[in-house]
Amino acid sequence: MNHEQACWNYLKLASVADQKGQWLPRNRLLLMVSITAARAGWLDLADKARQLLIASNPRHPLNSPLPIANSLNLESVQSLIDRYSRQVNYERAEHLVLQSHDAQGLPPETSEYQACLELFHRLSKNTTGSSFSAEDA
């Protein structure tokens, strides 16, 4: 799996979910962003996605004082990862992005990392989900 491309796709889907006010899907996708960013070696982006997720849901299992790489190994987080990985696996995320009206790929003039950081910055700056419930996973 190309973790960099997967991170991009999950970020795109999280942005769409946020724009539509779909908090639960957005938060699930943010978890997937954290996972794929960590696997790509982008621990700062993984941690930023975690911070945005726990800002809307302080009781989320990912809310841990551990570094993001260690948090992803917690049993409670691992069960979420397993479940969400089946629901929106990499191939499905890629398919959904390709089907969307905003199906542009990674910008060719920037690195994958930089493109993902810029997309995350837009998502976190424009996020409309300031009133999430604690049950938003």
Side-chain angles (χ1 to χ4, degrees):
M1 175 194 302
N2 180 335
H3 299 295
E4 295 84 358
Q5 184 66 47
C7 186
W8 173 259
N9 289 333
Y10 288 128
L11 274 169
K12 296 278 282 184
L13 294 174
S15 294
V16 170
D18 184 72
Q19 291 169 4
K20 292 181 176 182
Q22 298 172 337
W23 316 133
L24 186 58
R26 185 205 81 144
N27 282 356
R28 289 177 178 170
L29 290 160
L30 283 174
L31 175 64
M32 299 308 292
V33 169
S34 288
I35 296 162
T36 54
R39 289 178 179 165
W42 302 338
L43 297 180
D44 58 331
L45 179 57
D47 194 53
K48 288 177 184 187
R50 171 175 68 169
Q51 294 303 319
L52 186 57
L53 171 59
I54 64 176
S56 66
N57 183 2
R59 296 187 331 199
H60 193 279
L62 202 55
N63 190 358
S64 165
L66 297 172
I68 186 67
N70 295 19
S71 296
L72 293 174
N73 293 323
L74 295 173
E75 186 176 325
S76 58
V77 174
Q78 199 60 51
S79 66
L80 288 176
I81 291 170
D82 292 343
R83 186 169 10 141
Y84 299 155
S85 293
R86 284 189 303 271
Q87 289 176 359
V88 184
N89 62 35
Y90 170 72
E91 292 81 10
R92 178 152 170 74
E94 184 176 47
H95 175 74
L96 290 170
V97 168
L98 289 173
Q99 295 297 320
S100 74
H101 296 292
D102 186 21
Q104 70 187 49
L106 288 164
E109 67 279 353
T110 60
S111 70
E112 292 173 325
Y113 173 72
Q114 189 61 40
C116 286
L117 274 180
E118 289 172 13
L119 181 56
F120 179 81
H121 177 71
R122 286 195 306 272
L123 168 65
S124 63
K125 183 177 177 183
N126 296 325
T127 191
T128 57
S130 59
S131 61
F132 298 104
S133 73
E135 281 70 43
D136 288 347

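Not measured: the values here are computed from a predicted model.
- Note: R92 CZ to Q99 CD = 10.0 Å, rounded to the nearest 0.5 Å.
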* Asked: Do S34 and L62 pass the side-chain contact (heavy atoms from CB on, under 4.5 Å) test, and can you show the C-alpha distance, the side-chain angles, and the key distance before you say yes or no?
  -> CA-CA 10 Å; S34 288; L62 202 55; 4.2 Å; yes

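- In terms of modelled atom types and a separation under 3.5 Å, the side chain of N73 and the main chain of A69 share a donor-acceptor contact.
- Annotation: the span from D44 atom CG to I68 atom CD1 amounts to 11.0 Å, rounded to 0.5 Å.
- Note that CG of L31 is 10.0 Å distant from OH of Y10, once rounded to the nearest 0.5 Å.
- Nearest heavy atom pair, residue E4 against residue C116, reads O-SG, 4.1 Å.
- Scanning all heavy atoms of the two residues, the minimum distance from L45 to C7 falls at CD2-SG, 3.8 Å.
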* Asked: Hey, mind stepping through L13 and M32 against side-chain contact (heavy atoms from CB on, under 4.5 Å) and telling me if it holds?
  -> CA-CA 10 Å; L13 294 174; M32 299 308 292; over 6 Å; no

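- The shortest side-chain heavy-atom distance between W42 and K48 does not fall under the 4.5 Å cut-off.
- No side-chain heavy atom of L43 sits less than 4.5 Å from a side-chain heavy atom of P67.
- Looking at every heavy atom in both residues, A17 comes nearest to L29 through CB-CD1, 4.5 Å.
- Here CG of L80 is found 11.0 Å from CG of N27. Values are rounded to the nearest 0.5 Å.
- To the nearest 0.5 Å, atom CG of residue L123 and atom CD of residue Q19 are 8.5 Å apart.
- Pairing each heavy atom of L72 with each of Q78, the nearest pair is O-OE1, 3.1 Å.
- In this structure, CH2 on W23 lies 9.5 Å from OG on S56, to the nearest 0.5 angstrom.
- No continuous path of hydrophobic side-chain contacts links I54 to Y84 [ILVMFWY only; heavy atoms under 4.5 Å].
- In this structure, L74 and P61 have side chains that are not in contact, with every pair of non-hydrogen atoms separated by 4.5 Å or more.
- The side-chain heavy atoms of D18 and R122, taken from C-beta on, include no pair separated by under 4.5 Å.
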